[in-house]
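One structure is given below, encoded as structure tokens.
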Amino acid sequence: MKTVIIGTGSFAPPRVVTNDDLAEVMDTSDEWIRTRTGIEQRHISDGPGTTWMAAEAAKLALKDAGVEPEDIDIIIAATTTADNCFPSAACEVQGILGAGNAVGYDVSAACSGFIFALHTMDGLMRTGAYETGLVIGVDNLSKVVDWSDRSTCVLFGDGAGAAVVRACEDGDRGLLCGRIGSDGRKASVLTCQARTMGNLLTGTKPEPGYIAMEGQEVFKFAVKKVPECVESLLKSADTDMGEVKYLILHQANYRICESIAKRLKISMDKIPMNIDRYGNTSGATIPILLDELNRQGKLHRGDRVVLAGFGAGLTWGALLVEW
Ligand code: ACO
């Protein structure tokens with residue numbers, strides 16, 4: 001039994017905010033942001049958030065797959081910015097789609113979320129319990145960045161990506177293997193504290209929680225952990241990097257991707273990028289990029305691709321997929 005991706009979709013809010021737009025409202029510049037990160041613009045939601053983006057991406061993925069909402073057995077949404085504490089983003093999307101035969105829930109692994117969700121889906125599919133699934137990576141980080149902290153707010157954007165998967169009995173294609181990991185000892189490197197609502201007994205006042213990051217620590221972690229994870233994944237699948245068409249990496253920072261390419265001794269031609277247009281959309285970067293490649297006709301039957309992510313937790317993971 002293999003889990004095969006049969007359709008993809010992605011969506012970002014229409015409003016685009018360029019680096020120059022940001023430079024008008026804070027002390028930054030296009031030159032600073034572009035040279036350090038590769039970001040030129042990002043999409044920012046000016047109202048509706050996570051559920052809206054996730055549902056739009058999901059509709060496109062279902063259309064691409066030729067699957068009706070009532071045929072979905074399970075929805076897993078990877079997000080750390082669900083619109084509500086509950087219900088989950090997955091349940092909300094289920095409601096919008098009218099996917100009455102599905103079960104839905106969220107997983108939380110920040111920027112590694114889509115990898116964790118797809119890996120989890122694969123495990124469930126292999127049990128034979130489900131036949132058709134929807135995996136979503138979505139984040140609305142613009143609502144949890146501190147817009148007065150120029151060192152973090154310029155990095156992020158909003159968006160969603162989705163993949164429809166199906167359990168297939170025969171054939172070579174599908175998810176071949178996966179690796180996920182976490183190290184909670186390094187949790188403080190990248191955080192977004194829960195928003196406190198105030199407490200009657202202690203007199204605690206309501207306080208917003210924002211993203212806080214030790215940027216250079218994240219950089220060091222990513223450029224060490226991701227190549228290790230990818231190498232171990234490929235070794236277990238007896239696959240050489242030369243057989244991999246694309247390494248579809250979490251879009252956090254162009255320089256991180258360049259360093260990973262260098263460590264894996266591969267050219268940047270193998271690492272598709274779209275951070276220039278979206279910024280870092282956290283759990284959405286990998287499925288948005290996957291959808292772009294799919295729609296551009298760059299993925300052909302038999303192509304092997306590796307999806308790899310890293311993020312808060314700290315978490316990381318990689319999946320080997322035969323298209
Ligand atoms: N515009 C202009 N100047 C800025 C900005 C900005 N937006 N942000 C910070 N600066 C200034 C700082 O104030 C500082 O000035 P000073 O030297 O006068 O004090 C100077 O630039 C350097 O600041 P640092 O924070 O040390 O910047 P650094 O060189 O580390 O670059 C960056 C920051 C790009 C985030 C870098 O640490 C990095 O690439 N980190 C990788 C992590 C990452 O990209 N995370 C993304 C999200 S996490 C994830 O997805 C898993």
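For ligands, and for the atoms within them, numbers begin at 1 and follow the listed sequence. Numbers here simply count residues along the sequence, with the first being 1.
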Please write down residue, atom name and distance for the protein heavy atom closest to atom 45 (N) of ligand 1. Met213 SD, 3.2 Å
Taking both backbone and side-chain atoms of Arg255, is any N or O found less than 3.5 Å from an N or O belonging to ligand 1? yes
Atom 6 (C) of ligand 1: the protein heavy-atom neighbour that sits closest, reported with distance to 0.1 Å: Thr28 OG1, 3.3 Å
If you scan protein heavy atoms around atom 28 (P) of ligand 1, the nearest is Gln216 NE2, 3.9 Å
Name the closest protein heavy atom to atom 23 (O) of ligand 1, giving the residue it belongs to and the distance to 0.1 Å. Trp32 CZ2, 4.5 Å
Counting heavy atoms only, name the option from Val223, Ile211, Asn253, Thr35 that's nearest to atom 39 (O) of ligand 1. Asn253
Contact atoms of ligand 1, heavy-atom distance to Phe310 under 4.0 Å: 51 (C)
So, are Asp46 and Arg15 salt-bridged, with charged N and O less than 4.0 Å apart? no
Heavy-atom protein contact below 4.0 Å for atom 37 (O) of ligand 1: yes
Just which atoms of ligand 1 are under 4.0 Å from any heavy atom in Phe156? 47 (C)
In Å and rounded to the nearest 0.5 Å, what is the CG to CG distance from Leu289 to Asn274? 4.5 Å
Does some side-chain heavy atom of Tyr254 sit less than 4.5 Å from a side-chain heavy atom of Met268? yes
Is Phe114 linked to Leu299 within one hydrophobic cluster, defined over Ile, Leu, Val, Met, Phe, Trp and Tyr using a side-chain heavy-atom separation of less than 4.5 Å? yes
Remaining members of hydrophobic cluster (4.5 Å side-chain criterion), Ile96: none
Using atom types as modelled and distance alone, determine if a side-chain donor or acceptor of Asn199 lies under 3.5 Å from a backbone N or O of Thr204. no
Taking only heavy atoms of Cys111, which atoms of ligand 1 are found under 4.0 Å from at least one of them? 49 (C), 50 (O), 51 (C)
Atom 19 (O) of ligand 1 protein-contacted, heavy-atom criterion under 4.0 angstrom: no
Out of all atoms in ligand 1, which are within 4.0 Å of some heavy atom of Leu190? Include the element for each. 48 (S), 51 (C)
protein heavy-atom neighbour closest to atom 25 (O) of ligand 1 works out as Ser151 CB, 4.5 Å
Is there a donor-acceptor contact under 3.5 Å linking the side chains of Asp71 and Thr132? no
Atom 50 (O) of ligand 1 [closest protein heavy-atom partner, distance rounded to 0.1 Å]: Asn280 ND2, 2.7 Å
NZ (Lys224) with more than 12 external heavy atoms under 6.0 Å: no
Hey, does Thr239 have a side-chain heavy atom less than 4.5 Å from the side chain of Leu176? no
Could you tell me if Asp122 and Thr3 have a donor-acceptor pair between their side chains, going purely by distance under 3.5 Å? yes
Using a strict 4.0 Å cut-off to heavy atoms of Ile256, name the atoms of ligand 1 that fall inside it. 41 (C)
Donor-acceptor side-chain pairing of Ser45 and Asp158 below 3.5 angstrom: no
Any protein heavy atom nearer than 4.0 Å to atom 8 (N) of ligand 1: yes
Can you check whether a protein heavy atom sits less than 4.0 angstrom from atom 32 (C) of ligand 1? no
Surrounding CD of Glu70 (heavy atoms of other residues, nucleotides or ligands, distance under 6.0 Å), is the total greater than 12? yes
Does atom 2 (C) of ligand 1 have a protein non-hydrogen atom under 4.0 Å from it? yes
Please indicate whether any nitrogen or oxygen in Gly215 is less than 3.5 Å from any nitrogen or oxygen in ligand 1. yes
Proximal atoms of ligand 1 relative to Val154 (non-hydrogen, under 4.0 Å): 7 (N)
Does a donor on one side chain sit under 3.5 Å from an acceptor on the other, for Asp139 and Thr79? yes
Please list, in number order, the atoms of ligand 1 under 4.0 Å from a heavy atom of Gly311. 51 (C)
Closest to atom 15 (O) of ligand 1 (judged by heavy-atom distance), picking from Gln251, Arg150, His250: Arg150
